[in-house]
Peer 1: 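Got a structure for you, questions after.
Note: hydrogens, waters and symmetry copies are ignored here, and every other heavy atom, side chains too, is used.
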There are 2 protein chains.
Amino acid sequence: MTPTAKSSDSLPVAHDRVYRSLRQRVMYGDLPPGHALTLRGIGKDYEVSMTPAREAVRRLVAEGALTLSASGRISTPELSSERIEELAALRALIEVELASRALPRAHMALIERLQTINSAVSEAVAHRDAVGYIRTNLEFHRTLYLRAQAPAMLAMAETVWLQMGPTMRALYGKLRRTEPPHYHRLIIAALRAGDEPGLRLAVRTDVTQGLRLLAT
Amino acid sequence: MTPTAKSSDSLPVAHDRVYRSLRQRVMYGDLPPGHALTLRGIGKDYEVSMTPAREAVRRLVAEGALTLSASGRISTPELSSERIEELAALRALIEVELASRALPRAHMALIERLQTINSAVSEAVAHRDAVGYIRTNLEFHRTLYLRAQAPAMLAMAETVWLQMGPTMRALYGKLRRTEPPHYHRLIIAALRAGDEPGLRLAVRTDVTQGLRLLAT
DNA sequence: ATGGGGCGTTTGTGATCACGAAAGCAGGTC
DNA sequence: GACCTGCTTTCGTGATCACAAACGCCCCAT
């Protein structure tokens, strides 16, 4: 039930449970940009006091998943176009490297898993399910990058995803595409062929494509 | 007096003061790897209760500056050689991009500032001052990267520095070099010449050089 | 000497409260 | 009608406390 693999699953610590749930909601676009949150409200939702809510929020703010106003109010970030461009460039840098490192270890079982996930992506697209699309799309990338055996890099990539979550939801909400992900097929083909330059290009294109529509 | 530029300097909030101070101590190698900390101890040092100490620690843990044991004990990270390699690769990826983006905006005033900072680096090296070396070295890089006008990327780079802080201290402590930083001069020369490939190579070499001595 | 058991101490966690500031809202004025 | 001026509510911050788990230390038995 918890698709996000953490380094060490352990105690049912309250603040960690709140953190994981909020993190998923933000990363997968459950919350629109600028959405306000309160410590007391979060505590109520998860039936905990303000203390664990505060720790979870503090952690998410440190990761860029949430932002604090000057007076300490909590909300999801509203990204400027400059920041979106930066985050897309970071995705390109880090994820191309992750894909490149995963390539030598990408066996047939992985490629088949990626195809299965990709059909789930197509299904989400067909159903106009923005959250489902974001979730399955990120699962596609994460599944590939896990093979890179580079946890620090993967964590960085996930941090970028986290920051873009609400914005991606708003973005894919307004551009109602119905065509399945094209570049995912290119990624799979490059993996099959062991074509590293092709893989790098396919990943770079895939992670930066959606941004071209966001000129403003 | 606070060299680290934050997004918004505002209130004298207790937890933020604790955070900033601890962050500097970690980033600049004031604490050795594996050094243990306690919430009550931190609170005592800064004359606050456990609450702000806890928030500062939570934030630093989220950034990778500190790690928590399975039972929640706080300590500075002890990095495996694989993780060090990863972090060095991340530095290379991100900082090369930052330098490249800073290049078109690097005027003479910036280059002179870099030279001034670089002489401070040399002085720290001559005095065997590990903390001073790390601090001035990072100031050199940060000064250059600030010109890139890419706050999200700079934040990522600083997060990597933060994670490497204690290890860098331990590293530079055991290899007592006395020669001034060679690749900083190459960086400055490439900036002067507007030589982008040269700059990229110089930065990449500079940020990955210290790692070769850490084969273990 | 060395390994194991027992106990006092230290530590993180979560709940609760007081406080001050910010935000939202109403009513009144220009 | 728009704007400002109060007031009321809501919010984040920091302090304090109870609790359970862990750590560390000492002592003893082998």
Peer 1: Could you list the residues that satisfy side chain to side chain donor-acceptor pair (under 3.5 Å) with Ser100(B), not counting sequence neighbours?
Peer 2: Glu196(B), Arg200(B)
Peer 1: Think Arg17(A) has a side-chain N or O under 4.0 angstrom from the OP1 or OP2 of dT13(C)?
Peer 2: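 No, because none of the side-chain N or O atoms of Arg17(A) sits under 4.0 Å from OP1 or OP2 of dT13(C).
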Peer 1: Can you identify which nucleotide, out of dT16(D), dT13(D), dA22(C), has its nearest atom closest to the Met50(A) side chain?
Peer 2: dT13(D)
Peer 1: Round to the nearest Å and state the distance from Leu68(A) atom CG to dA22(C) atom C1'.
Peer 2: 14 Å
Peer 1: Reckon Ser71(B) has a side-chain N or O less than 4.0 Å from the OP1 or OP2 of dC23(D)?
Peer 2: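 Checking Ser71(B) against dC23(D): at least one side-chain N or O falls below 4.0 Å of OP1 or OP2.
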Peer 1: Keeping to residues at least two apart or across chains, list the salt bridge (Lys or Arg N to Asp or Glu O under 4.0 Å) pairs with something in residues 70-82 of chain B.
Peer 2: none
Peer 1: Quick one: do Val61(B) and Arg59(A) satisfy side chain to side chain contact (heavy atoms under 4.5 Å, CB included)? Show the steps, please.
Peer 2: CA-CA 8 Å; Val61(B) 168; Arg59(A) 202 168 155 190; 5.7 Å; no
Peer 1: Under the 3.5 Å rule, do the base of dG14(D) and the side chain of Arg54(A) count as making a donor-acceptor pair?
Peer 2: yes
Peer 1: Identify the two heavy atoms, one from Ile94(B) and one from Leu93(A), that lie closest to each other, and give their separation to 0.1 Å.
Peer 2: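 Heavy-atom minimum between the residues: CA-CD1, 4.4 Å.
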Peer 1: Could you tell me the separation between the CD1 atom of Ile74(A) and the P atom of dC11(D), rounded to a whole number of Å?
Peer 2: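 It is 10 Å, rounded to the nearest whole Å.
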Peer 1: Could you list the residues that satisfy salt bridge (Lys or Arg N to Asp or Glu O under 4.0 Å) with Glu86(A), not counting sequence neighbours?
Peer 2: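 Applying salt bridge (Lys or Arg N to Asp or Glu O under 4.0 Å) to Glu86(A) gives none.
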Peer 1: Within this structure, what is the NE2-to-C1' distance between His15(A) and dT13(C), rounded to whole angstrom?
Peer 2: 7 Å
Peer 1: Any chance you could encode DNA chain D as dot-bracket? Rule is Watson-Crick or G-U wobble with both distances under 3.5 Å; [ ] for pairs crossing earlier ones, | for another strand.
Peer 2: ||||||||||||||||||||||||||||||
Peer 1: From dG14(C), dA22(C), dT13(D), pick the nucleotide closest to the side chain of Thr51(A)?
Peer 2: dG14(C)
Peer 1: Could you tell me the separation between the CD atom of Glu55(A) and the P atom of dG12(D), rounded to a whole number of Å?
Peer 2: 15 Å
Peer 1: Set out, in order, the CA-CA distance, both residues' side-chain angles and the distance that settles side chain to side chain contact (heavy atoms under 4.5 Å, CB included) for Glu55(B) and Val18(B), then state yes or no.
Peer 2: CA-CA 9 Å; Glu55(B) 299 197 38; Val18(B) 176; over 6 Å; no
Peer 1: What residues in residues 34-49 of chain B put a non-hydrogen atom under 4.0 Å from any atom of DNA chain D?
Peer 2: Val48(B), Ser49(B)
Peer 1: Suppose we screen for salt bridge (Lys or Arg N to Asp or Glu O under 4.0 Å). Which residues come up paired with Glu95(B), at least two apart in sequence or across chains?
Peer 2: Arg91(B)
Peer 1: So how far is it from Leu146(B) CG to Glu139(B) CD, rounded to the nearest 0.5 Å?
Peer 2: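 Interatomic distance, Leu146(B) CG to Glu139(B) CD, rounded to 0.5 Å: 10.0 Å.
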Peer 1: Arg73(A) CZ to dT9(D) C1': how many Å, rounded?
Peer 2: 10 Å
Peer 1: Check whether the side chains of Tyr19(A) and Glu63(A) place a donor and an acceptor atom closer than 3.5 Å, and report yes or no.
Peer 2: yes
